[in-house]
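First up is the structure itself, then whatever we jot down about it.
First listed ligand is number 1; within each ligand, the first listed atom is number 1. It should be emphasised that the depicted structure is a prediction, and the values quoted were computed from it without experimental measurement. Note that these values count all heavy atoms, side chains included, but never hydrogens, waters or copies made by symmetry.
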Amino acid sequence: MDTASNTRITVIPSGAALAADIVGVDLSQPLSDTLYQQIRAAWNQHLVLRFRGQKLDDPQFLKFARLFGELDKAPIHAAKDDVVNPYPEITVMSNIKVNGKAIGNLGHYEALWHSDMSYNESTPIGSLLYALEVPPVGGNTGFNNMYLAYETLPAELKRAIQGKTCRHDSSRNSAGELRKGFMEVTDPREAPGANHPLIRTHPETRRNALFLGRRQSAYINGLSLEQSEDLLDRLWAHATQPEFEWYQVWQVGDLVMWDNRCAMHRRDSFDANMRRLMHRTQIRGDKPFFDAVTLTA
Ligand code: OGA
Ligand code: MN
């Protein structure tokens with residue numbers, strides 16, 4: 001990018017409930033602390049940032065991601081795939097097959113709404129996804145604003161989730177595929193995975209967000225299975241309304257980073273015969289918490 005001099009950035013909000021473009025930065029080049037702080041502030045404000053027209057190799061991609069913290073290892077992939085990640089911190093997202101073997105995760109399928117790796121005790125603060133090859137249509141990625149989802153919950157639902165935790169099933173990926181080494185979950189109460197508060201306080205912004213993770217085999221602790229299913233259905237119906245969303249239509253060279261603490265994402269399916277190749281990395285976070293002080297502050 002010859003227009004980017006890394007001296008000044010412009011933040012252009014999407015106009016939707018979240019997301020902004022950051023213009024004027026070449027991420028393969030060093031960033032001053034001031035620019036980094038501006039990007040970090042924009043990330044807290046807009047939840048999802050997009051940098052278009054980037055040209056990054058894996059070490060440059062990882063170097064930029066590391067500005068935001070230590071990186072997490074890639075998650076466990078589906079049992080049927082034979083993915084070899086180029087670096088332990090990079091997750092290859094692709095439908096491309098070489099000699100009949102998938103080189104990446106999620107194939108060409110729809111990925112359901114989720115927050116990355118929320119089934120771990122410590123969950124990544126954010127993920128970065130960089131587009132190397134994109135199909136001509138389809139494979140768009142949607143993001144939603146879970147602060148807004150929480151703030152607009154009917155009072156009755158806010159009360160119903162106060163102090164409650166949810167189990168985040170670790171057995172399946174966001175396309176619903178069973179991960180290597182996991183057994184099929186028949187009863188959500190017995191699903192493997194971490195328990196996290198349904199109302200999550202963001203450690204930097206101190207705002208509360210609804211924290212759902214993923215729907216499949218989720219369970220709200222302390223409720224009967226029927227009550228849990230009913231409450232989860234109502235929370236999900238509320239959280240996945242179009243007014244909380246923004247969609248990314250990919251171009252090669254797009255780098256999109258999102259905050260897993262206050263945004264979920266999903267992906268449209270695309271033509272299996274088209275190639276799509278993305279590299280993802282994830283920034284290590286800490287254990288989700290709810291700070292009751294935020295309710296009285
Ligand atoms: C991810 C993910 C969606 C996509 O990278 O975590 O869910 O668009 N990807 O590939
Ligand atoms: Mn994901």
Side-chain angles (χ1 to χ4, degrees), residues 18-19 47-52 56 58 61-62 64-65 68 71-78 81 83 85-96 102-120 123-144 146 168-177 179 193 211-216 218 239-240 245-272 274-285:
L18 73 170
L47 293 61
V48 176
L49 298 181
R50 176 171 66 187
F51 304 81
R52 295 216 116 141
L56 302 173
D58 286 331
F61 177 52
L62 292 173
F64 173 63
F68 298 86
L71 302 184
D72 246 344
K73 299 264 183 296
I76 301 170
H77 52 80
D81 295 341
V83 177
N85 293 321
Y87 288 83
E89 302 89 357
I90 287 183
T91 314
V92 178
M93 293 290 174
S94 186
N95 65 322
I96 298 169
I103 64 156
N105 296 275
L106 297 186
H108 66 284
Y109 314 114
E110 174 183 1
L112 303 171
W113 286 109
H114 66 282
S115 172
D116 288 330
M117 298 161 75
S118 70
Y119 43 80
N120 291 339
T123 67
I125 70 171
S127 307
L128 293 83
L129 192 58
Y130 177 58
L132 296 158
E133 292 186 58
V134 301
V137 287
N140 301 336
T141 308
F143 296 89
N144 80 344
M146 295 296 274
H168 293 238
D169 172 33
S170 57
S171 69
R172 288 179 184 275
N173 69 17
S174 57
E177 302 168 308
R179 296 181 199 275
F211 190 54
L212 295 178
R214 62 197 66 202
R215 177 65 186 90
Q216 193 169 10
T240 54
E245 297 172 2
W246 170 79
Y247 271 80
Q248 153 70 346
V249 180
W250 291 94
Q251 294 177 8
V252 170
D254 282 353
L255 186 150
V256 172
M257 58 190 290
W258 60 88
D259 190 326
N260 279 301
R261 300 166 291 189
C262 51
M264 294 197 299
H265 56 284
R266 64 169 295 280
R267 183 189 78 189
D268 293 334
S269 61
F270 56 96
D271 186 337
M274 299 296 165
R275 289 167 66 97
R276 188 178 189 270
L277 175 62
M278 312 260 173
H279 280 184
R280 190 192 87 186
T281 191
Q282 48 285 314
I283 305 152
R284 183 171 299 166

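With ligand atoms numbered from 1 in the order given, ligand 1 contributes 4 (C), 8 (O) to contacts under 4.0 Å with heavy atoms of T141. Atoms of ligand 1 found under 4.0 Å from any heavy atom of H114, numbered from 1 in the order shown, are 7 (O). The distance from ligand 1 to the heavy atoms of H265 drops below 4.0 Å at these ligand atoms: 1 (C), 2 (C), 6 (O), 7 (O). Set against the non-hydrogen atoms of D116, the atoms of ligand 1 under 4.0 Å away are 6 (O).
When every heavy atom of R214 is checked against every heavy atom of S174, the shortest pair comes out as NH1-N, 3.4 Å. Scanning all heavy atoms of the two residues, the minimum distance from R267 to G107 falls at NH2-O, 3.1 Å.
Of the protein's non-hydrogen atoms, R267 CD, 3.3 Å is the one closest to atom 4 (C) of ligand 1. What sits closest to atom 5 (O) of ligand 1 on the protein, heavy atoms only, is R280 CD, 3.1 Å. In terms of protein heavy atoms, atom 9 (N) of ligand 1 is closest to L129 CD2, 3.9 Å.
Ring centroid separation for the pair Y87 and H279 does not come in under the 6.0 Å cut-off.
In summary, the side chains of N260 and S127 do present a donor paired with an acceptor at a separation below 3.5 Å, with no hydrogens or angles considered.
In this structure, of R276, M264, Q248, R266, the residue bringing a heavy atom nearest to atom 10 (O) of ligand 1 is R276.
Ring geometry, F143 versus W258: the interplanar angle falls from 30° to 60°, so the pair is classed tilted.
None of D72, T123, T91 except one satisfies the side chain to side chain donor-acceptor pair (under 3.5 Å) rule with Q282; the exception is T91.
Under a cut-off of 6.0 angstrom, the local environment of CZ in R275 is sparse, with at most 12 non-hydrogen atoms contributed by other residues, nucleotides or ligands.
At under 3.5 Å, not a single nitrogen or oxygen of W258, backbone or side chain, sits near a nitrogen or oxygen of ligand 1.
Considering just the N/O/S atoms of D116, the one nearest the Mn ion (ligand 2) carries the name OD1.
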